[in-house]
Amino acid sequence: MAAIGSRGTVTEASGFNAEQDAQNLRAAMKGAGTDEEAIIKVLAKRTIAQRQLIKQAFKASVGKDMPDEIKSELTGNFEKVVVGLLMTAPMYDAYELRNAMKGAGTDEGCLIEILASRSNSEIKEIAAVYKKEYGETLEDAVCSDTSGMFKRVLVSLLTAGRDESSNVDMAQAVQDAKDIYEAGEARWGTDEVKFLTVLCVRNKPHLLQVFQEYQKISGKDIEESIKREMSGCLEEVFLAIVKCIRNKPAFFAERLYKSMKGLGTTDSILIRVMVSRAEIDMLDIKSEFRKMYGKTLYSFIKGDASGDYRKILLELCGGDN
């Protein structure tokens, strides 16, 4: 079931019948060829909870796991979207994190996007699923794949230790702003630990106050100072934290825009954000996208992605508004 007050484009289908949906999906995959339209019609219009019931009904009636059947029938980006839709939210995040770290090279952007934007409870669920599915802790995986201060920031986020109250201590906010200023702009070199201590631990209302105080002290936005003082993945993770604190839907809108602008499309980012946020805050992401870029997210996807991959993402987008 979608969360109360959900701002997602995917909501519970009325008159839901898991057995009927399972039969329709089976029919779409039987025989020569696959009816992609039928798959889109069902899976893009059901919540995560409803899709889990469809998976159960499919296995009961067919004797096979539905994700395995999907993988044998579909290919490419359309397969990636559909497989993602069949997972629970923590399972999908764990799966994406695993893919970001396995093999040669690391997709640091994926690690940053997920770990900087999830709540304490979400991170704990992701870590539990990761351990169960992959036989090692998420922290061990991150530590073996990253290094330096970037690793320390990710480990801090993985502890799920952020204060999630709404308390704002004004004196502490002023002190935090001074500490960050003195750790960066006011000295030669940067004491990144001070940034970590404040940005990874304090609650959202408190940090918003810290950002205001920082502006007063330094005459600069906190983002501007991060860009001046840091580089590479460390800069990216601190900027992501600040952006998520300020406006999480805007953070995801920017991720989507950057995944599609210029030559080619970064499919992995586009798919991950559309699948993971469709049921949570996609309406807000769409609104921010239009404000920030003067075009609808729908029109951007329509002009950039191709084939059935495009069709299912457009369904998840929920219309051109």
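This chain uses plain numbering: 1 for the first residue, then up along the sequence. The shown structure was predicted, so the numbers you read here are calculated from the model rather than taken from an experiment.
Using a 4.0 Å cut-off between charged nitrogen and carboxylate oxygen, Asp65 and Lys59 count as a salt-bridge pair. Checked for salt-bridge contact, Lys311 and Glu36 miss the test: no charged N lies under 4.0 Å from a carboxylate O. With respect to Glu235 and Lys227, no salt bridge is recorded, no charged nitrogen being found less than 4.0 Å from a carboxylate O.
Residues in residues 98-114 take part in these salt bridge (charged side-chain N to carboxylate O under 4.0 Å, His left out) pairs, two or more places apart or across chains: Arg98-Glu136, Glu113-Arg255, Glu113-Arg272. Sorted by first then second residue, the salt bridge (charged side-chain N to carboxylate O under 4.0 Å, His left out) pairs that include residues 201-226, not counting sequence neighbours, are Asp176-Arg202, Glu185-Lys220, Glu213-Lys216, Glu223-Arg246. Residue pairs meeting the side-chain hydrogen bond (donor to acceptor under 3.5 Å, both in side chains) criterion with at least one member in residues 83-94, sequence neighbours excluded: Asp93-Arg118. Identified under the salt bridge (charged side-chain N to carboxylate O under 4.0 Å, His left out) test for residues 19-32, with sequence neighbours left out: Asp21-Arg46. Contacts classified as ring-ring contact (aromatic ring centres under 6.0 Å, His included) and involving residues 105-143 (residues at least two apart or in different chains) are given here: Tyr130-Tyr134.
With Met274 as the fixed residue, the side chain to side chain contact (heavy atoms under 4.5 Å, CB included) test singles out one of Leu297, Val81, Thr9: Leu297.
Without hydrogens or angle criteria, Asn203 side chain to Asn167 main chain gives a donor-acceptor distance under 3.5 Å. Side chain of Asn17 to backbone of Gln20: a donor-acceptor contact under 3.5 angstrom is found.
The shortest distance between side-chain heavy atoms of Ile222 and Ile226 falls below 4.5 Å.
With hydrophobic clusters built from ILVMFWY side chains whose heavy atoms lie under 4.5 angstrom apart, Leu196 does not share a cluster with Val201. Both Leu86 and Val62 belong to a single network of hydrophobic side chains, linked directly or stepwise wherever heavy atoms of I, L, V, M, F, W or Y lie under 4.5 Å apart. Cluster membership check: Val168 does not share its hydrophobic cluster with Leu207, using side-chain heavy-atom separations under 4.5 Å among Ile, Leu, Val, Met, Phe, Trp and Tyr. Linking Ile, Leu, Val, Met, Phe, Trp and Tyr residues whenever their side-chain heavy atoms come within less than 4.5 Å places Tyr298 and Met282 in a single cluster. Taking hydrophobic clusters as Ile, Leu, Val, Met, Phe, Trp and Tyr residues chained together by side-chain heavy-atom distances below 4.5 Å, Leu74 shares a cluster with Met29.
One finds the CG atom of Leu154 at 9.5 Å from the CG atom of Leu138 (value rounded to the nearest 0.5 Å). Going from atom CD of Glu254 over to atom CZ of Phe251 covers 8.0 Å, rounded to the nearest 0.5 Å. From Thr266, atom OG1 reaches atom NZ of Lys261 across 11.0 Å, with rounding to the nearest 0.5 Å. Note that CD1 of Ile271 is 10.5 Å distant from CG of Leu316, once rounded to the nearest 0.5 Å. To the nearest 0.5 Å, atom CE of residue Met170 and atom CD of residue Gln209 are 3.5 Å apart. Rounding to the nearest 0.5 Å gives a distance of 11.0 Å between CG of Leu25 and CZ of Arg51.
Between Ala177 and Ile217 the shortest heavy-atom distance is CB-CD1, 3.7 Å. Annotation for Lys286 and Gly319: closest pair NZ-O, 3.1 Å, computed over non-hydrogen atoms.
One side chain, Gln52 or Lys55, offers a donor N or O that lies under 3.5 Å from an acceptor on the other. Of the N and O atoms on the side chains of Tyr214 and Ser225, at least one donor lies less than 3.5 Å from an acceptor on the other residue.
Two rings, from Phe300 and Tyr293, have their centers 6.0 Å or more apart. Between Tyr309 and Phe78, the ring centre distance reaches or exceeds 6.0 Å.
Hydrophobic cluster of Val155: no remaining members, since no ILVMFWY side chain lies below 4.5 Å from it.
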